[in-house]
Structure formats: structure tokens, C-alpha cells
Amino acid sequence: MHELHLMAQVVKAVETKLGETVDGKLSAVRLKVSALSHLLAHDQSALQTAFMLAAGGTKAEGATLELISVPSDAWCPQCRRDISVTQSEEACSVCGGPFVVGSIEPEVVIHELVVNR
């Protein structure tokens, strides 16, 4: 159910953005998702289904959902250095130790809307 709520928020943001500037048919919504997000650990088909349900009857209906994993900043207390993490189960690339999540970054960001005119 969390996925459906999140996708409803995404669709609402997409409609707001499309309402401002666009005449055309939305074909894809591209989201940047933090590598540490639990969303990437889920079955992607569940997210696609949640998006499809949330998009029904909106300007996003029929569009595809694309997820782009982006590295997250973290800090390794053993190495005492900043690192970049590309997977949620990953350890420090230098020492193999556990890391602490760095700056607070949004879990999901709308990266791009693809519109066919």
C-alpha cells in the first residue's frame, strides 16, 4: 500500500507539472531513486502496477514508469571518509565495513517527463 500512496503523490506532482506547460501525450515518467531506497528492493512490477492504478483517469494514464538508481552519499566510521553507495546492501568500498548514511536526500525525485507532441 505504501507504493500506491507514493505513486499517487508522483502522479499528483506530474499532473501539476503538466498543467503548467504541456500540450501533448505523456509517454514516460522517469524517477531518480536513491540507491538506499527500499523501493529498489521491491518487485518492480508492484511499482509499475501501483503507478498504473494511480495514473488511471489522469494525464499520466498510459505512461510508463522508469526508475533510475542514483548513488547515495554515506560516511564510513572506520575509514573516516565519505563514500558513495550504489546498493542498499553494500559495504564500504575501501574497508568493507558498515557505513552511515550521509546527507538526507530525497528518496524519490521526478527526473524527467517524456511528452510526445
Side-chain angles (χ1 to χ4, degrees):
M1 292 312 284
H2 170 69
E3 290 81 7
L4 184 56
H5 177 71
L6 178 62
M7 290 301 115
Q9 291 179 321
V10 167
V11 169
K12 184 177 178 181
V14 166
E15 286 216 298
T16 299
K17 188 70 175 172
L18 290 177
E20 296 172 359
T21 59
V22 175
D23 290 326
K25 175 73 176 150
L26 180 67
S27 63
V29 175
R30 294 184 177 134
L31 303 179
K32 284 186 175 180
V33 181
S34 167
L36 297 176
S37 172
H38 70 285
L39 290 176
L40 296 176
H42 285 273
D43 179 4
Q44 298 301 303
S45 66
L47 287 175
Q48 295 291 337
T49 300
F51 179 75
M52 183 184 68
L53 291 171
T58 72
K59 293 178 181 179
E61 185 171 10
T64 60
L65 179 68
E66 300 175 19
L67 304 180
I68 303 165
S69 177
V70 294
S72 294
D73 295 330
W75 186 76
C76 178
Q78 289 181 310
C79 297
R80 298 188 176 274
R81 66 172 50 182
D82 293 325
I83 60 174
S84 181
V85 180
T86 58
Q87 296 179 6
S88 64
E89 301 298 325
E90 191 174 56
C92 174
S93 60
V94 177
C95 71
F99 58 83
V100 177
V101 175
S103 63
I104 298 175
E105 302 166 342
E107 184 177 354
V108 177
V109 175
I110 296 175
H111 172 62
E112 186 174 34
L113 303 176
V114 179
V115 177
N116 297 323
R117 295 181 186 241

Could you tell me which non-hydrogen atom of Val11 sits nearest to which non-hydrogen atom of Phe51, and how far apart they are?
CG2-CE1, 3.9 Å

Could you tell me the separation between the CG atom of Leu39 and the CG atom of Leu6, rounded to the nearest 0.5 Å?
5.5 Å

Pro106 versus Ser34, closest heavy-atom pair with distance:
O-CB, 4.2 Å

Determine, stepwise, if the pair Leu31 / Ile110 fulfils side-chain contact (heavy atoms from CB on, under 4.5 Å).
CA-CA 5 Å; Leu31 303 179; Ile110 296 175; 3.7 Å; yes

Taken to the nearest 0.5 Å, the spacing of Leu26 CG from Glu61 CD works out to 11.0 Å

Just by distance, do the side chain of Glu15 and the backbone of Ala60 share a donor-acceptor pair under 3.5 Å?
no

With sequence neighbours left out, write down each residue that passes side chain to side chain donor-acceptor pair (under 3.5 Å) with Gln9, or none if nothing qualifies.
His5

Test side-chain contact (heavy atoms from CB on, under 4.5 Å) on Val14 and Lys17 and set out the steps.
CA-CA 5 Å; Val14 166; Lys17 188 70 175 172; 5.7 Å; no

Might you point out which heavy atoms bring Pro98 and Pro77 nearest each other, and give the distance in Å?
O-CD, 3.5 Å

With rounding to the nearest 0.5 Å, note down the distance linking CZ in Arg80 to SG in Cys95.
11.5 Å

Distance from His38 atom NE2 to Glu3 atom CD, nearest 0.5 Å?
5.5 Å

Would Leu65 end up clustered with Leu40 when hydrophobic side chains under 4.5 Å apart are linked, directly or stepwise?
yes

Please walk me through it: do Val85 and Leu36 pass side-chain contact (heavy atoms from CB on, under 4.5 Å)?
CA-CA 8 Å; Val85 180; Leu36 297 176; 3.6 Å; yes

With sequence neighbours left out, the residues meeting side chain to side chain donor-acceptor pair (under 3.5 Å) with His111 are none

How close do Cys92 and Cys76 get, counting heavy atoms only, and between which atoms?
SG-SG, 3.6 Å

Could you give the distance from OG (Ser27) to CG (Asn116), rounded to the nearest 0.5 Å?
4.0 Å

At their closest point, which heavy atom of Ala54 faces which heavy atom of Thr58, and how far apart are they?
O-CG2, 3.9 Å

According to salt bridge (Lys or Arg N to Asp or Glu O under 4.0 Å), who are the partners of Glu112, at least two apart in sequence or on a separate chain?
Arg30

side-chain contact (heavy atoms from CB on, under 4.5 Å) evaluation trace for Val115 with Leu18
CA-CA 9 Å; Val115 177; Leu18 290 177; 4.0 Å; yes

Pairwise distance NZ(Lys12) to CE(Met7) - rounded to 0.5 angstrom
15.0 Å

Going only through I, L, V, M, F, W and Y residues with side-chain contacts under 4.5 Å, is there a path from Leu113 to Val108?
yes

Between Gly97 and Gln78, the two heavy atoms sitting closest are CA-OE1, 3.2 Å

Should Met52 and Val10 be counted in the same cluster of Ile, Leu, Val, Met, Phe, Trp and Tyr side chains packed under 4.5 Å apart?
no

